[in-house]
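A short worksheet on the structure shown next.
Remember, it's a predicted structure, so these values are computed and weren't measured experimentally. Proteins get letters first, then strands, A, B, ... in listed order; numbering begins at 1 in each.
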Protein chains: 2
Amino acid sequence: MSLVSALSTADAAFVAVESEAESLLPAARRGEFDAALALRHAGPRRVKLRYEVVGDLSQPVVFVAGGISARRHVTANSADPSRGWWDTQVGTDRAIDPTARCIVSFDWIGADGALDAPIDPADQADAIVALLDHLRIRRLHAFVGSSYGAMVGLQLAAKHPSRVQRLVAISGVHRAHPYSSAWRALQRRAVQLGALQCDGVDGLVLARQLALLSYRTPEEFEERFGAAQVVDGRVHVPAEDYLDHAGQSYAARTPVSAFLRLSESIDLQDVAPETIVTPVTLVAIEQDRLVPLADAYALAQRLRGETRLRVLRSRYGHDAFLKEHEAIAAILDEALATEVAA
Amino acid sequence: MSLVSALSTADAAFVAVESEAESLLPAARRGEFDAALALRHAGPRRVKLRYEVVGDLSQPVVFVAGGISARRHVTANSADPSRGWWDTQVGTDRAIDPTARCIVSFDWIGADGALDAPIDPADQADAIVALLDHLRIRRLHAFVGSSYGAMVGLQLAAKHPSRVQRLVAISGVHRAHPYSSAWRALQRRAVQLGALQCDGVDGLVLARQLALLSYRTPEEFEERFGAAQVVDGRVHVPAEDYLDHAGQSYAARTPVSAFLRLSESIDLQDVAPETIVTPVTLVAIEQDRLVPLADAYALAQRLRGETRLRVLRSRYGHDAFLKEHEAIAAILDEALATEVAA
């Protein structure tokens, strides 16, 4: 048997397994349509909304939203068997199970790079309502948002309370902290610095690397990375290799204006918690370097509906929603099962 | 009286006051000489050492060293009446008083931009010994170092224990933390990104701005800066104005290679605390985002001489040594008065 035919046999077996797995994937459909939105800082605009629906719309609908780099593909499904960004929480026998819930998600407006204008998090909430209208969803069973998604969830509850029954807001609050805003402003400066050489990529790579530092913690870096070394007359830090890979991978898949406008959008977050009567489960991470615990406490005290605050310890800091599978799943189980008076 | 003559009168009065104040300034002299050093990573080099001596060398000598941006001019004196970087602690009736102590300081090797090679913090300790030999100082009464200066002080105590009687190490420890090293590596990337457009300044401005964020805290930014605003179609963050001013001011006075080589040098810090028998007063700041409190605890436990650890709370984080005048003065009073068996 030649090496080539051996590989072919192996490939065929692999494909068979994949097909079997795919047949077990939840049914899903993707779609897109044009919506007219009245943007708060940029006026009326037509934007393309791209969504993914996993499961049956007759089930209670859970809207899932992540950080500014998260897309509509949340979990592997029949329309797209590739891994989603939240496979750990969304899927058969996971905390958000498509056999019992319908999962709706979309690409943030601005994520395709076509909308190069200031985008308020409240504009995203309006876009979500346009999508709910399009899908004829009167009311969400729950909105589960992490990071920027949590900010937008709070806007949705404040501006469109009749459309959402409960909110889970993980690592995102009612405002951008001035220190975190400064950090993001410098990331945008890095992009501008790169743009001066007519090559946006290097600037975007550096911006993402700076962002990553804010998403993680000294505790994690302590475990993963060793001491600096002198290489060819320059000091090299082991974490640079990880940061290079992560930055380049992000820059390859992200339009520069998408990064800039969504980064800006975080800094525009400003919602009065007193206007929110929707039941909210807040999740805060003690080690989060981007969203200080004090802001989560303040938010919890100022919300007007039933409020639960869960504080986790995690060496992954702001990124705990992507890493602390069991702790997040336990919170989702409880929050999504809760019966709340309609 | 014309406006011009009024101004002249005011100027004359101002000059008179200045002259009177100058006559009260402590006597000082500045000097420079070439020293031959065996650099750990770059081999034998001749470097120019620039020093300032305030007060009388017959008094107990206190060597004062600050962060990588600090120069030899520590306090206003007869040789240079302009403000020094540590006027708050060094001066008549201050914690380090030139009527009772002789204060010695120098420009870090690498600070003039002429030495473009990897510089180990231990090399700085060797340079300090060369300066002590030049000034015929057998033994320092104390070495008081903050930030990078604290790192170099630990090297001095480890490599040249006979030259220093006691050490005060503020916000600097025996190693660079991997997370902080990653942060600095990205600052150096910003300089490289700027260099691609044949203009090192913009990159250095951004690098300094990123460094500033690590020196300060969310608590301070919360007090100083308000919410983001949309200006001309872009999101503007109030802290940007402060960061612009600070970054440009730094870049105007700092050679690019000086920043790069001294930033690298911090990441090369690696001294075994078990080799240090000198009495040490450690000062750590709970809010320091660059030097985690856990590293100060570890250092305190591993030092072999008499060790005191003082932990301060400060909204200025790593920069507390420049801002918490009274708390630092009280620690210096105690540490420098302590009688230690020679």
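Residues of residues 110-127 of chain A that come within less than 4.5 angstrom of chain B, heavy atom to heavy atom, are A:Asp116, A:Pro118 in numerical order. Residues of residues 175-183 of chain B lying under 4.5 angstrom from chain A, judged on non-hydrogen atoms, are B:Arg175, B:His177, B:Pro178, B:Tyr179, B:Ser181, B:Ala182, B:Trp183 by number.
Between the CG atom in B:Leu186 and the CG atom in A:Leu186 there is a gap of 12.0 Å [rounded to 0.5 Å]. To the nearest 0.5 Å, the span separating CG on B:Leu193 from CD on A:Gln192 amounts to 11.5 Å. With rounding to the nearest 0.5 angstrom, the CD atom of A:Gln229 is 12.5 Å from the CG atom of B:Asp267.
Contacts of A:Thr217 with chain B are made by backbone atoms alone, with heavy-atom separations under 4.5 Å and no side-chain atom involved. Residue B:Asp244 touches chain A through its side chain alone, counting heavy-atom pairs closer than 4.5 Å. Both the backbone and the side chain of A:Leu210 come within less than 4.5 Å of a heavy atom in chain B. If you measure heavy-atom distances from A:Ala190 to chain B, the contacts under 4.5 Å come from both the backbone and the side chain.
The choice from A:Asp270, A:Leu213, A:Val205 that makes the most heavy-atom pairs within less than 4.5 Å of chain B is A:Leu213. Ranked by heavy-atom pairs under 4.5 Å with chain B, the first of A:Ala239, A:Ala185, A:Gly226 is A:Ala185. Among B:Glu222, B:Gln269, B:Gln209, B:His41, the residue making the largest number of heavy-atom pairs under 4.5 Å with chain A is B:Glu222.
The residue from B:Ile266, B:Leu260, B:Leu268 that alone fulfils the side-chain contact (heavy atoms from CB on, under 4.5 Å) condition with A:Val235 is B:Leu268.
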### Message
Using side chain to side chain contact (heavy atoms under 4.5 Å, CB included), reason through A:Arg234 and B:Arg261 one step at a time and then give a plain yes or no.
### Response
CA-CA 9 Å; A:Arg234 285 279 165 199; B:Arg261 293 309 188 172; 3.5 Å; yes
### Chi angles and distances behind the side chain to side chain contact (heavy atoms under 4.5 Å, CB included) call for A:Glu240, B:Arg189
CA-CA 10 Å; A:Glu240 286 179 82; B:Arg189 294 291 179 97; 3.0 Å; yes
